[in-house]
Amino acid sequence: MNLNFPKIEKKWRTVWEKEGIYKTKDKVKGKKNFYHLVMFPYPSGDLHIGHWYNFAPADIFARFKRMNGFNVMSPMGFDAFGLPAENAAIKKGTHPRIWTFRNIKTMTKQLKNMGAVYDWSREVITAEPSYYKWTQWIFMKLFNAGLAYRKKASANWCPKCHTVLANEQVVDGRCERCETEVIQREIEQWLFKITDYAERLLKDLENLDWPEKTKIMQKNWIGKSEGSIIKFKVKSLKLKVDEIEVFTTRLDTIYGCAYVVVAPEHQIISNLKSKILNLKEVEKYIKKTKGKLERDRLMEDKQKTGVELKGIKAINPFNKTEIPVFVADYVLGGYGTGAVMAVPAHDERDFEFAKKYKLPIKQSIESKLPITNYQLPIIEDGILIDSAKYTGMKSDDARKAMAEWLEQNKLGHRQTNYKLRDWLISRQRYWGSPIPLVFCEHCAKKIKNLKTSEFKNFTKGELLNPGWFAVSEKDLPVKLPDVKKYLPTEEGKSPLAHSEKFIKTKCPKCGGFARRETDTMDTFVCSSWYYLRYADPKNSKHFADSEKLKKWLPVDMYIGGAEHTVLHLLYSRFFTKALFDMKLLNFSEPFSILRHQGMILGPDGQKMSKSKGNVIDPDDLVKKFGVDSVRIYLAFMGPYDQGGLWQLNGIVGVRRFLQKIWTIKFKLRTENKELAILLNKTIKKVGEDIKEFKFNTAVSSLMILLGETEKSKEISKNNFETLLKLLAPFAPYLSEEVWRNVLKNKKSIHLERWPKYNPKTIIAEKFDLIIQVNGKFRDKISVSMGIEKDTAQKLALKSEKIKNFINNQSIKKTIFVPGKLINIVI
RNA sequence: GCCCGGGUGGCGGAAUUGGCAGACGCGCAGGACUCAAAAUCCUGUAAUCGUAAGAUUGUGUGGGUUCAACUCCCACCUCGGGCACCA
């Protein structure tokens with residue numbers, strides 16, 4: 001009899017829904033809550049095999065937890081706002097709202113088919129006003145706490161998407177979404193002060209159960225470096241004294257400092273304009289570098305360029321030497337002080353520059369081979385030479401001593417810098433949550449001339465951004481108007497800027513005329529807190545009830561792709577910490593345990609995408625093999641975090657496996673001892689494997705158990721039920737069909753407890769002792785468990801095979817590993 | 001360039017963390033059932049030599065440590081991911 005998968009799938013889906021077995025209560029007596037979360041998808045249109053690869057094994061884990069007595073919440077929702085959705089909608093000529101909600105409908109249907117334990121009553125859709133009201137509310141909190149600020153500065157601009165992008169969204173100098181080359185553009189924008197949290201974001205990584213790789217990536221992205229600021233006095237011909245501050249991590253090499261380099265955008269150039277003798281040349285250079293894209297600065301020809309500021313000298317505070325000052329674009333304006341001290345002998349970049357412009361190279365760290373001019377620099381720490389009173393010191397000690405000297409003489413101080421930049425969150429696009437801010441010209445003037453005593457009447461954010469106010473709580477949400485003109489514009493303004501009706505409003509402070517911010521929020525803002533909303537998705541008074549938050553959060557198990565490491569995963573950590581500081585949360589890390597799934601590539605080895613035509617549709621597979629087969633095949637394919645090329649090679653094997661489970665039920669008979677032992681071992685193995693996300697080997701041990709069951713041609717009802725329970729997380733439909741329809745159980749198998757194994761049964765009385773001669777496997781004999789070395793050796797030497805190999809030679813020694821092997825060395 | 005992670009049969013992949021390499025599945029070959037095919041079942045399946053028993057080689061390459069190495073150490077090749085003038 002063949003299995004009719006579509007029929008049983010439909011049947012049980014309806015029954016489960018009716019019985020509500022996947023509805024999550026906030027509290028169940030005697031059960032610990034477990035918050036199991038997969039990263040929610042954006043409504044791209046169709047579910048593809050990559051979604052399934054992410055969600056299906058994750059669901060196996062959730063089901064396993066349920067069966068182990070946890071009150072599991074496994075919610076699902078949609079990351080519905082944002083560029084990708086909007087771009088796709090525009091391409092199709094559809095309004096983003098229509099396009100998005102249509103896709104959500106089809107995807108929900110597909111997701112429901114997957115047989116997962118999602119509690120759909122908790123669904124969250126970020127583009128719904130009931131959700132983004134709270135995105136805006138949190139924005140308001142961040143703003144008032146002084147964590148949001150407006151700034152006109154050079155930003156990454158995607159000419160195709162007509163919007164600015166965060167640093168994290170620029171990949172290889174291109175827009176993360178449409179792969180257009182990003183240019184720099186001066187534009188007013190909103191940023192979150194994520195840099196205020198750099199140290200905590202770094203330090204708290206330590207205690208997270210996250211993949212090491214992910215932690216390292218975040219660590220590198222935050223990019224902490226400890227060093228010193230040194231003040232170089234600047235001398236011009238007219239003897240007026242100014243200063244250049246440089247940042248260095250290699251203070252110990254200061255005696256090798258040959259010159260100072262400033263970035264093209266550095267203040268000192270305009271400050272000392274009148275004293276620069278070659279001003280024309282300098283300005284020409286600066287103009288040239290400004291035109292270059294940041295990426296080109298690097299890629300162009302790898303050649304460093306720069307111009308000396310003639311007539312200007314800097315004085316090294318340590319040895320009072322006068323050294324030249326250069327402007328060069330290999331120094332970044334946005335990092336440190338925008339100026340560096342150049343030590344060609346001990347820094348690769350300075351070395352290259354010095355080589356090109358024939359500048360002196362002075363060694364100050366000892367090396368085995370003398371650095372003759374224009375060989376390689378010595379960049380490692382070492383012993384100082386030619387460094388006055390610091391000569392002979394180790395780099396480490398010298399840095400300390402020198403920093404102290406700087407501080408005592410007020411010539412500098414220790415300093416820690418981070419690579420992390422503030423998070424740019426405004427987008428000049430339609431399909432996003434409006435930023436709930438208004439600007440009042442009148443109040444702006446007032447705030448700018450405020451007396452200190454009046455500061456207390458304003459929030460930190462209002463003082464930081466004169467004239468800007470958050471929309472008051474009662475007026476939230478600021479609804480995204482249903483405008484006809486939603487296409488992005490080239491002038492760098494949001495489409496909302498054309499809607500007078502939207503813009504005009506009242507100032508919440510003075511009641512006078514004010515205008516709304518027209519930019520929308522980066523979609524990553526919406527997804528930085530969605531995991532909180534699942535705890536209480538329908539709440540209209542608060543983003544989530546604090547008691548419910550306490551019950552569920554932080555997320556116990558978070559599963560998703562590694563591509564979000566420096567985006568979503570970093571932003572969410574920032575949000576959690578900021579809300580924690582405002583006492584709105586009682587935890588400061590959102591995701592206790594994190595696991596990644598690998599990426600499934602198309603059969604051609606390329607990333608799956610509609611344009612490449614290599615997308616695999618799970619619906620086709622489901623039709624052909626059934627949901628359970630697809631679930632198990634995805635689990636069985638290989639290690640979960642590895643991914644790989646999509647190929648269908650093994651799925652028939654899985655289908656056969658399920659068919660056999662279906663037929664074996666006709667063999668129910670009596671107990672079989674050996675099978676019982678294997679069953680106990682399998683309970684242990686499958687459980688351990690699921691815990692470690694080793695779904696592939698868990699499936700394989702189920703297959704072994706089935707094979708042995710078939711061979712023995714008999715299985716007791718009890719043991720068969722146990723086998724079904726082990727299978728239940730993997731194959732929810734078939735296991736239920738057999739459980740209820742064949743074995744006539746009344747309650748769902750998915751409400752059963754995970755079987756316990758008897759540790760005593762799996763301890764064997766005998767084992768195969770491996771006999772090696774000179775480390776090579778030669779024979780094995782069955783011996784009793786507690787066998788001692790002497791007995792083992794005697795038995796081993798009795799073996800004919802072993803006798804042949806030893807061939808009467810004398811035995812030098814034997815190595816005995818209890819319970820495993822004996823190795824005879826001749 | 002720097003930082004991670006890989007490289008095991010025809011294919012996807014196992015290997016209790018130093019102890020029988022190739023579990024499990026696919027594929028392939030032979031056989032059974034069948035008029036035939038599909039499905040199903042049984043047997044075999046790393047390579048080389050051998051009719052066979054068996055022997056030798058074998059986990060990217062070269063070296064090393066060890067009674068014993070896919071596993072540890074050194075050097076290199078190669079693929080994937082991340083960062084990229086951060087001083």
Side-chain angles (χ1 to χ4, degrees), chain A residues 2 171-173 211-221 223-225 227 246-251 253 261 263 294-295 297-299 302 304 328-332 334-343 346-350 352-353 379 417-421 562-563 565-566 598-599 601 605 632-633 636-639 641-654 656-657 659-660 663 685 688 694 696-704 706-707 710 768-780 801 804 812-817 819-826:
Chain A
N2 253 338
V171 179
D172 281 338
E212 223 30 62
K213 188 187 164 176
T214 307
K215 290 207 225 177
I216 290 170
M217 269 169 70
Q218 281 211 358
K219 192 179 155 197
N220 291 343
W221 189 262
K224 179 178 182 171
S225 58
V246 307
F247 174 72
T248 180
T249 54
R250 291 301 304 274
L251 187 54
T253 63
V261 195
E294 194 148 338
R295 196 163 80 105
R297 280 198 187 182
L298 177 66
M299 302 306 275
K302 292 245 168 188
K304 294 191 170 35
D329 68 357
Y330 80 88
V331 172
L332 304 173
Y335 180 80
T337 59
V340 302
M341 67 174 205
V343 185
H346 305 297
D347 181 281
E348 231 160 322
R349 296 148 301 183
D350 300 338
E352 239 179 85
F353 190 78
I379 53 170
N417 278 342
Y418 301 88
K419 286 187 202 172
L420 184 70
R421 305 295 156 85
E563 68 274 17
T565 297
V566 293
M599 200 197 292
L601 302 172
I632 296 179
Y633 179 59
F636 185 55
M637 267 174 53
D641 59 0
Q642 188 180 295
L645 299 195
W646 173 257
Q647 48 176 34
L648 221 42
N649 284 349
I651 196 164
V652 292
V654 173
R656 278 177 201 152
F657 165 71
Q659 181 68 43
K660 285 175 192 170
T663 36
K685 169 84 175 145
E688 285 170 356
K694 286 155 88 173
N696 53 337
T697 48
V699 172
S700 118
S701 48
L702 285 172
M703 285 171 166
I704 292 169
L706 175 76
E710 284 205 309
D768 284 340
L769 178 77
I770 290 151
I771 309 170
Q772 299 181 332
V773 177
N774 286 344
K776 278 190 180 154
F777 169 80
R778 293 305 181 189
D779 199 5
K780 65 180 166 188
K801 284 185 194 167
N804 278 335
K812 283 195 193 123
K813 62 171 168 178
T814 51
I815 285 117
F816 179 67
V817 184
K820 257 180 198 151
L821 62 79
I822 184 158
N823 184 11
I824 299 162
V825 186
I826 52 172

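Sequence lines set the chain letters: A, B, ... in the order given, protein chains first and strands last, and positions in each chain run from 1. In what follows, every heavy atom counts, from backbone to side chain, and hydrogens, waters and symmetry copies are set aside.
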How long is the line joining [atom1] of [X] and [atom2] of [N], in whole Å?
| X | N | atom1 | atom2 | result |
| --- | --- | --- | --- | --- |
| Lys213(A) | C4(B) | NZ | P | 12 Å |
| Met599(A) | G82(B) | CE | P | 8 Å |
| Met341(A) | A87(B) | CE | P | 12 Å |
| Glu212(A) | C4(B) | CD | P | 11 Å |
| Phe636(A) | C11(B) | CZ | P | 17 Å |
| Glu688(A) | A15(B) | CD | P | 13 Å |
| Leu332(A) | A84(B) | CG | P | 11 Å |
| Trp221(A) | A84(B) | CH2 | C1' | 10 Å |

Scan [X] against the nucleic acid and name what it touches under 4.0 Å (heavy atoms): base, sugar-phosphate only, or nothing.
| X | answer |
| --- | --- |
| Gln772(A) | base |
| Lys812(A) | nothing |
| Val817(A) | base |
| Val261(A) | nothing |
| Asn696(A) | sugar-phosphate |
| Ile704(A) | sugar-phosphate |

What is the base-pairing partner of [N], counting Watson-Crick and G-U wobble geometry with both distances under 3.5 Å?
| N | value |
| --- | --- |
| C2(B) | G82(B) |
| U66(B) | none |
| U16(B) | none |
| G22(B) | none |
| A29(B) | U43(B) |
| C35(B) | none |
| U71(B) | none |

Between Ser701(A) (side chain) and Thr697(A) (backbone), is there a donor-acceptor pair under 3.5 Å?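 Yes, because the side chain of Ser701(A) sits within donor-acceptor range (under 3.5 Å) of the backbone of Thr697(A).
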Backbone N/O of Gly775(A) and side chain of Asn823(A): donor-acceptor pair under 3.5 Å: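 Yes.
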Which nucleotide in [options] has an atom nearest any side-chain atom of [X]:
| X | options | value |
| --- | --- | --- |
| Val825(A) | C67(B), G12(B), C20(B) | C67(B) |
| Thr248(A) | C20(B), A15(B), A87(B) | A87(B) |
| Met217(A) | C85(B), G82(B), U40(B) | G82(B) |
| Phe247(A) | G12(B), C3(B), A87(B) | A87(B) |
| Asn823(A) | G82(B), C67(B), G13(B) | C67(B) |
| Thr249(A) | C67(B), A87(B), G13(B) | A87(B) |

Give a yes/no answer on whether the side chain of Lys801(A) brings an N or O atom under 4.0 Å of OP1 or OP2 in C20(B).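 No, Lys801(A) has no side-chain N/O under 4.0 Å of OP1/OP2 on C20(B).
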Check this one for me: any side-chain N or O of Arg656(A) less than 4.0 Å away from OP1 or OP2 of G27(B)?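 Yes, because at least one side-chain N or O of Arg656(A) sits under 4.0 Å from OP1 or OP2 of G27(B).
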No-H, no-angle donor-acceptor pair, [X] side chain to [N] base, under 3.5 Å:
| X | N | value |
| --- | --- | --- |
| Glu563(A) | G81(B) | no |
| Lys419(A) | C83(B) | no |
| Lys780(A) | C20(B) | yes |

Which glycosidic conformation, syn or anti, is assigned to U17(B) if syn requires a torsion within 90° of zero?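 Nucleotide U17(B) adopts syn.
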Closest heavy-atom contact between Ile379(A) and Arg250(A)?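 For Ile379(A) versus Arg250(A), the nearest heavy atoms are O-NH1, 2.8 Å.
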Taking all non-hydrogen atoms of both residues, which atom of Asn696(A) and which atom of Gly638(A) are closest, and how far apart?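 Smallest heavy-atom distance, with atoms named: ND2-C, 3.6 Å.
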Just verifying a value: how many Å separate Leu251(A) CG and Thr253(A) OG1, rounded to the nearest 0.5 Å?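 Nearest 0.5 Å value for the CG-OG1 distance: 7.5 Å.
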Students often mix this up, so state it plainly: with edges at 30° and 60°, are the rings of Tyr335(A) and Phe247(A) parallel, tilted or perpendicular?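 It falls in the perpendicular class, over 60°.
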Check whether any side-chain heavy atom of Val825(A) lies under 4.5 Å from a side-chain heavy atom of Lys813(A), and answer yes or no.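 Result yes, sub-4.5 Å side-chain heavy-atom pair found.
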